[in-house]
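In what follows, every heavy atom counts, from backbone to side chain, and hydrogens, waters and symmetry copies are set aside. When a ligand or atom number is given, it counts from 1 through the structure's own listing order.
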Amino acid sequence: MVNDIREVLLTKEEIEEVVKELGKKITEDYKGKNLFLITVLKGAVVFLGDLMRAIEMPCEIEFMVLSSYGSGTTSTGSVKIVKDIDLPLEGKDVLIVEDILDTGFTLSFLYKLLEERKPNSIEICTLLDKPDRRKVEINAKYTGRKIPDEFVVGYGLDYDEKYRNLPFIGVLKPEVYAN
Ligand code: IMP
Ligand code: MG
C-alpha cells in the first residue's frame with residue numbers, strides 16, 4: 001500500500017494539528033448553537049471521527065451517501081443521493097463535513113439541497129481544498145489545508161476504494177491509476 005505513494009503531503013502529526021485547530025475554531029464559533037455535523041460517506045468518516053472529538057461542545061452527527069466519481073479520478077458533474085437523512089433541519093446549525101473540495105460539484109449540490117430544508121445556518125468544513133480544480137463557485141468556511149492539483153489518498157480518501165486506512169495523506173503514483 002505504502003509503495004504506491006509517491007509523496008506524503010500531510011503526516012499523521014500534521015493532520016492532528018490541522019484537525020485540532022479546526023475543532024478549536026468551530027467550538028468558538030458555535031457557542032450556544034445547535035451544531036449538527038453532516039458528513040458525506042465514506043471519505044470524510046475518518047476526518048469526522050477526529051474532528052468531533054476536537055469540538056468541545058455538544059453536537060449531533062448524521063451521514064449521507066452521495067455518488068459522483070465512480071472509480072475514476074475525475075468528476076463527472078452529476079451527483080446523486082444514495083442515502084439521505086430523514087431528520088428535519090429547522091433550528092439546526094448545519095456544518096457539512098467533507099474530506100476534499102475538488103471541482104465543487106458535490107458540495108454545491110449538497111449545500112443547495114440542505115439549504116432548502118431551512119436550517120438555522122449552514123456552512124462547510126473541508127479537510128482539504130484543491131482550489132485550482134474548481135468548476136463551480138463554492139467556498140468552505142473552514143478549510144484544513146489547501147493542496148495542489150494532485151490525486152491524494154489516505155486518512156479516509158480512496159482510489160477505487162483502497163488506501164482509506166493509511167494514517168497519512170499522500171499523492172498516489174500516477175502509474176497506479178494509469179493502468
Ligand atoms: P468534487 O465534486 O469534484 O468537489 O469532488 C469531491 C469528491 O471527490 C470528494 O468527496 C472525494 O470523494 C473525491 N475526490 C476528489 N479529489 C480527490 C482526491 O484527490 N483523492 C480522493 N478522492 C477525491
Ligand atoms: Mg467523498
As an exercise, identify every atom of ligand 1 less than 4.0 angstrom from a heavy atom of [X].
X    : answer
F105 : 2 (O), 4 (O)
E150 : 19 (O)
L157 : 21 (C), 22 (N)
D102 : 1 (P), 3 (O), 4 (O), 5 (O), 15 (C), 16 (N)
K130 : 16 (N), 17 (C), 18 (C), 19 (O)

- May I ask you to check if ligand 1 and L101 share an N or O to N or O distance below 3.5 Å?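 Looking only at distances, the answer is no, because the N/O contact criterion of under 3.5 Å is not met.
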
- Message: Can you confirm, on distance only, whether ligand 1 has an N/O atom lying under 3.5 Å from any N/O atom belonging to F151?
- Response: no

- Message: Can you see whether N120 engages D93 through a side-chain donor-acceptor pair at a distance of less than 3.5 angstrom?
- Response: yes

Where on [X] is there a heavy atom closer than 4.0 Å to ligand 1, on the side chain, on the backbone, on both, or on neither?
X    : value
R133 : neither
D99  : side chain
T106 : both

Can [X] and [Y] be counted as an ion pair, charged N to O under 4.0 angstrom?
X    : Y    : value
R134 : D102 : no
R164 : D158 : yes
E150 : K130 : no

Only pairs under 3.5 Å count here: list side-chain donor-acceptor contacts from residues 18-31, not counting sequence neighbours, and write none if there are none.
from	atom 1	to	atom 2	distance (Å)
T27	OG1	G23	O	2.5
T27	OG1	E56	N	3.1
D29	OD2	Y142	OH	2.5

Assess [X] for proximity to ligand 1: is some non-hydrogen atom of it under 4.0 Å away?
X    : answer
G43  : no
K135 : no
V40  : no
I100 : yes

Check: residues 111-118 side-chain donor-acceptor pairs under 3.5 Å, at least two apart:
from	atom 1	to	atom 2	distance (Å)
R117	NH1	D84	OD1	3.1
R117	NH2	D84	OD1	3.3
R117	NH2	D84	OD2	2.8

- Would you check if the side chain of T126 reaches a backbone N or O of L128 as a donor-acceptor pair within less than 3.5 Å?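 Side chain of T126 to backbone of L128, a donor-acceptor pair under 3.5 Å: yes, one is there.
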
- Spatial distance of atom CD (E62) from atom CG (L89) [nearest 0.5 Å]: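 Those atoms lie 9.5 Å apart.
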
- Query: Taking the six-membered ring of F36, is the NZ or CZ of K92 close enough (under 6.0 Å from the centre) and on axis enough (within 45°)?
  - Reply: yes

